[in-house]
Amino acid sequence: MPLRVAVYPGSFDPVTYGHLDIIDRALKIFDGVIVAVARNSEKNALFTVQERIDMLTEILKDRPQARVETFEGLLVDYVRRAGATVVIRGLRAVSDFEFEFQLAQMNRNITREVETLFMMTSVPYSYLSSSIVKEVSHLNGPVDKLVPPLVKSALDAKFRLGR
Ligand code: ADP
């Protein structure tokens, strides 16, 4: 049987326990998961693409079936090049649905070879987003339950170093 590889694309600015939950659950379904950091998310980002890749690589180092990459341009082109057939996206509140639905339809329009699979968030992470993490950290609030320690330190360095 062929290996089933899925791509989990996103900005991951920075990676949260919500993302990691989706990755771990996807790893139970697929032989391999490529976590793909979108290069076009460089603008308005707190962390550079390289910083995001480095954090993800370190955090995922004990999961040999997960690989971190970056991509530019059309997602479906990248997915085909990577030898994958499935795109994984996470769904949180209803508000995610509209945009994700549009994106999935557009990708399906471009090619039928790539299927989008939605995974429902786990309840504790329903309202967790990279944006809220940045906001809380910026305001000196606790983010320990939202991101791994490595990401917390990176946030501290961004917001508090040199103050
Ligand atoms: P994007 O900018 O592409 O939305 P994100 O890094 O914000 O990138 O998210 C990547 C994917 O992970 C998206 O499908 C998003 O819905 C999903 N995601 C983000 N946070 C969570 C969470 N807390 N629970 C489940 N899925 C999530």
Side-chain angles (χ1 to χ4, degrees), residues 5-30 32-60 63 65-79 81-82 84-110 114-138 141-152 154-155 158:
V5 177
V7 169
Y8 179 37
S11 313
F12 305 102
D13 182 45
V15 58
T16 69
Y17 281 138
H19 295 127
L20 293 175
D21 174 62
I22 297 285
I23 294 168
D24 279 332
R25 285 160 57 201
L27 282 170
K28 291 188 188 145
I29 306 172
F30 293 93
V33 173
I34 302 174
V35 181
V37 180
R39 277 221 175 262
N40 51 11
S41 59
E42 188 84 85
K43 262 192 263 165
N44 305 321
L46 176 65
F47 294 97
T48 65
V49 167
Q50 194 54 52
E51 286 172 327
R52 287 179 258 161
I53 292 174
D54 291 346
M55 283 190 276
L56 276 163
T57 306
E58 176 61 25
I59 290 161
L60 296 173
R63 293 150 168 105
Q65 268 93 286
R67 195 165 80 214
V68 184
E69 287 189 0
T70 175
F71 75 100
E72 208 161 10
L74 263 187
L75 174 66
V76 288
D77 287 343
Y78 165 73
V79 172
R81 274 203 311 279
T85 48
V86 175
V87 169
I88 294 171
R89 296 289 288 175
L91 279 183
R92 282 161 296 190
V94 191
S95 51
D96 273 346
F97 180 80
E98 185 104 16
F99 174 70
E100 294 292 344
F101 185 73
Q102 206 176 18
L103 199 70
Q105 295 298 345
M106 186 45 68
N107 286 339
R108 193 164 177 71
N109 235 349
I110 301 171
V114 175
E115 195 63 54
T116 306
L117 184 78
F118 293 103
M119 298 187 73
M120 208 70 85
T121 184
S122 297
V123 172
Y125 309 126
S126 316
Y127 293 98
L128 176 53
S129 68
S130 299
S131 316
I132 205 91
V133 164
K134 284 182 275 191
E135 177 124 15
V136 172
S137 174
H138 185 49
V143 294
D144 313 66
K145 294 197 173 83
L146 314 179
V147 294
L150 178 92
V151 176
K152 183 188 180 305
L155 285 161
K158 283 276 177 199

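One-based numbering, in listed order, for ligands and for the atoms of each.
Rounding to the nearest 0.5 Å gives a distance of 10.0 Å between CG of Leu150 and CG of Leu155.
Under the 30°/60° scheme for interplanar angles, the aromatic rings of Tyr17 and Tyr125 are found to be tilted. Relative orientation of the Phe97 and Phe101 rings is parallel, given thresholds of 30° and 60° on the angle between their planes.
Around atom 22 (C) of ligand 1, the closest heavy atom drawn from Arg92, Arg89, Met119 belongs to Arg92.
Between His19 and Val15, the shortest heavy-atom distance links the atoms ND1-CA, 3.5 Å.
Polar contact check, Pro9 against ligand 1: no nitrogen or oxygen pair lies under 3.5 Å apart. Residue-to-ligand polar distances place His19 within reach of ligand 1: an N/O pair is separated by less than 3.5 Å. Between Gly90 and ligand 1, a contact under 3.5 Å exists for at least one N or O pair. For ligand 1, the polar-atom distance check against Asp13 finds no nitrogen or oxygen pair separated by under 3.5 Å.
Counting the atoms of ligand 1 from 1 in the order shown, those under 4.0 Å from a heavy atom of Thr121 are 22 (C), 24 (N), 25 (C). Atoms of ligand 1 found under 4.0 Å from any heavy atom of Glu100, numbered from 1 in the order shown, are 14 (O), 16 (O). Of all atoms in ligand 1, numbered sequentially from 1 with element shown, those under 4.0 Å from a heavy atom of Phe12 are 6 (O). Here is the list of ligand 1 atoms found below 4.0 Å of a heavy atom in Tyr8: 11 (C), 12 (O), 17 (C), 18 (N).
Counting non-hydrogen atoms of other residues, nucleotides and ligands closer than 6.0 Å to CZ of Arg25 gives a total above 12.
Ion pairing of Arg81 with Asp77 is absent here, as no side-chain N (NZ or NE/NH1/NH2) approaches a carboxylate O to less than 4.0 Å.
The residue Thr16 has no part lying near ligand 1, judged by heavy-atom distances below 4.0 Å.
When only modelled atom types and interatomic distance are considered, Asn109 and Gln105 share no side-chain donor-acceptor pair under 3.5 Å.
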